[in-house]
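The structure appears below as C-alpha cells.
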Amino acid sequence: MPLILTETQDAIGTIVMNHLQKRNALSEALIGEITTALECFREQGIRAAVLRAPAGVKVWSAGHDVSELPDRGRDPLGWGDSLRVLVRAIQEFPAPVIALIEGGVWGGGCEVAMACDILVATPEATFAITPAKLGVPYNLGGILTLMNMIPLPVAKEMLFTAQPIPTAQALNLGVINYIKPADEIESFVYGLAGQIVVNSPLSIAVMKEELRLLASARTVTPELFERIQGLRRVVYDSHDYQEGLNAFREKRKPRFRGE
Ligand code: LCV
C-alpha cells in the first residue's frame, strides 16, 4: 500500500504523507516515495508543490524513523541518510515547496518542514527538535538549517529541552509564514500556490537556488569540520546514544549517564 498520496492540478503538485500507523515517521520507504514524487513533479514541470499530511491529523510527522537509526558506532545522520536525502531533495526542487502543517512536527520532521520554502500551520500545530531526547548528535547540515531559521537562543532552547513549541511562537520567530484555522488552511495554501504558478518558473527556480547556495555558504575549514565530526563521533559511539535508541524501542524513559 502506498505511503503517500499525490495529486497534480493547474501546475500545482500535492504530496500527502499517509503512513499514519507510524505517524508519518520518515522511514526510507516513505522518503523514497516522496523523493520519487518530487522527481515526477520536476518532469511534469510542476511550478509549486504542497507537502502535507491528511486533513485533521494529530501528527504531521514523527520525525526520523528511529527503528532505522544505526546502533552505536555509525554516524546516524550521514550524507546518505534518507532524511538528509529528503531535505536536499526539497531544497533542490526547482519550484517552491509549501508545507501545509497540521498536528505535531517532531525531530527530523521539523527539518523537513523547515527545508520547505513556505510554511503554513494550524494553531494547534507544534514543533519539537528532539536529538537530545534520543541522545543523537545532530549533523552539521541540520544545525545549519536551524541556525538559518531560528534565533540562536530559541534554537538552543529547542535543542536542549527537546520540548515542542507552539505555532504562535514559531510565527513570532518567522519560522512559519502564516497560521490558518484547519477549515481555511487548505484554500489559503492553494491560493498562495496559485499566486506562484502564474509567475516566471525560471526566475523563481534561480532565486530559490541562489537563496539555498547563499544560505549554506559558510567558511568551514578542514580543522573545523574535523573537530565537529570528532565531537559528534564521541556521541554516536557512546552508551547514551545506544541507550536513547534502546529506550525508544522498549517504550521507556532513557537513563543517560553522560558517557
Ligand atoms: C519510528 C515511530 C516513531 C518514530 N520512529 O502514537 O531529530 S532527531 O535527531 O531526534 C532524529 C533522530 C529524529 O527525528 O528522531 C525521531 C524524533 N521523534 C520523536 O521523538 C517522536 C517519537 N514519537 C512520539 O513521541 C509519538 O509517537 C507521537 C507523539 C509522535 C505520537 O504519539 P501517539 O500516541 O499518537 P504512538 O506513540 O503510539 O506511535 C504509533 C506508532 O508509531 C511508531 C510508534 O513506535 C508506534 O508503533 P507501534 O504501534 O508499533 O508501537 N512511531 C512513532 N514515532 N519517530 N516509529
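Sequential numbering from 1 along the given sequence is applied to the chain's residues.
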>> Please enumerate all residues that pass salt bridge (charged side-chain N to carboxylate O under 4.0 Å, His left out) together with Glu259, with sequence neighbours excluded.
In response: Arg257
>> Is there a side chain to side chain contact (heavy atoms under 4.5 Å, CB included) between Leu192 and Asn177? Walk through the geometry before answering.
In response: CA-CA 11 Å; Leu192 211 51; Asn177 299 68; 5.9 Å; no
> Under the side-chain hydrogen bond (donor to acceptor under 3.5 Å, both in side chains) test, which residues partner Glu28, sequence neighbours left out?
Replying inline: none
>> Under the ring-ring contact (aromatic ring centres under 6.0 Å, His included) definition, can you give me all pairs with a residue in residues 166-213, not counting sequence neighbours?
In response: Tyr178-Phe188
> How far apart are the C-alpha atoms of Met114 and Ile150, what are their side-chain angles, what is the distance that settles it, and do they pass the side chain to side chain contact (heavy atoms under 4.5 Å, CB included) test?
Replying inline: CA-CA 10 Å; Met114 293 176 187; Ile150 306 171; 3.7 Å; yes
> Which value, rounded to the nearest 0.5 Å, describes the distance between Thr8 atom OG1 and Ile46 atom CD1?
Replying inline: 5.0 Å
>> Suppose the criterion is ring-ring contact (aromatic ring centres under 6.0 Å, His included): which pairs have a residue in residues 239-259, not counting sequence neighbours?
In response: none
>> Tell me if a side-chain donor or acceptor on Arg88 pairs with a main-chain N or O of Trp79 at a distance below 3.5 Å.
In response: yes
> Judged by atom type as modelled, is there a donor-acceptor pair below 3.5 Å linking the side chain of Asp10 to the main-chain atoms of Ile12?
Replying inline: no
>> So which atom in Asn199 and which in Ile204 form the shortest heavy-atom distance, rounded to 0.1 Å?
In response: CB-CD1, 3.8 Å
> Does Glu33 have any side-chain hydrogen bond (donor to acceptor under 3.5 Å, both in side chains) partners at least two apart in sequence or in another chain, and if so, which?
Replying inline: none
> Per the side-chain hydrogen bond (donor to acceptor under 3.5 Å, both in side chains) rule, which among Glu243, Gln242, Glu250 passes with Asn246?
Replying inline: Gln242
> Would you find more than 12 non-hydrogen atoms of other residues, nucleotides or ligands less than 6.0 Å from Arg249 atom CZ?
Replying inline: yes
Donor-acceptor contacts under 3.5 Å from residues 118-127 side chains, at least two apart:
from: Thr122; atom 1: OG1; to: Glu124; atom 2: OE1; distance (Å): 3.4

> Which other residues belong to the hydrophobic cluster containing Leu140, where Ile, Leu, Val, Met, Phe, Trp and Tyr are joined when side-chain heavy atoms lie under 4.5 Å apart, directly or via other members?
Replying inline: Val220, Leu224, Phe225, Ile228
> What ring-ring contact (aromatic ring centres under 6.0 Å, His included) pairs are there with at least one residue in residues 30-65, not counting sequence neighbours?
Replying inline: none
>> Can you pull out every side chain to side chain donor-acceptor pair (under 3.5 Å) where at least one residue sits in residues 202-212? Sequence neighbours excluded, please.
In response: Asp117-Lys208, Glu209-Arg212
>> Can you list everything that forms a side-chain hydrogen bond (donor to acceptor under 3.5 Å, both in side chains) with Arg232? Sequence neighbours excluded, please.
In response: Asp75, Gln229
>> Show the nearest heavy-atom pair for residues Ser27 and Leu3, with the distance to one decimal.
In response: OG-CD1, 4.5 Å
>> Hydrophobic clustering (ILVMFWY, side-chain heavy atoms < 4.5 Å, transitive) - are Val197 and Val97 grouped together?
In response: no
>> Would Thr145 and Gln91 count as a side chain to side chain contact (heavy atoms under 4.5 Å, CB included) here? Give the steps.
In response: CA-CA 11 Å; Thr145 300; Gln91 291 173 333; 4.2 Å; yes
> Which pairs, with at least one residue in residues 13-33 and sequence neighbours excluded, count as a ring-ring contact (aromatic ring centres under 6.0 Å, His included)?
Replying inline: none
> Shortest non-hydrogen contact from Leu26 to Ser61?
Replying inline: CG-OG, 3.5 Å
>> Show, in sequence, the C-alpha distance, side-chain angles and deciding distance for Val235 and Asp240, and conclude whether the side chain to side chain contact (heavy atoms under 4.5 Å, CB included) test is met.
In response: CA-CA 7 Å; Val235 178; Asp240 279 2; over 6 Å; no
> Asn172: what forms a side-chain hydrogen bond (donor to acceptor under 3.5 Å, both in side chains) with it, not counting sequence neighbours?
Replying inline: none
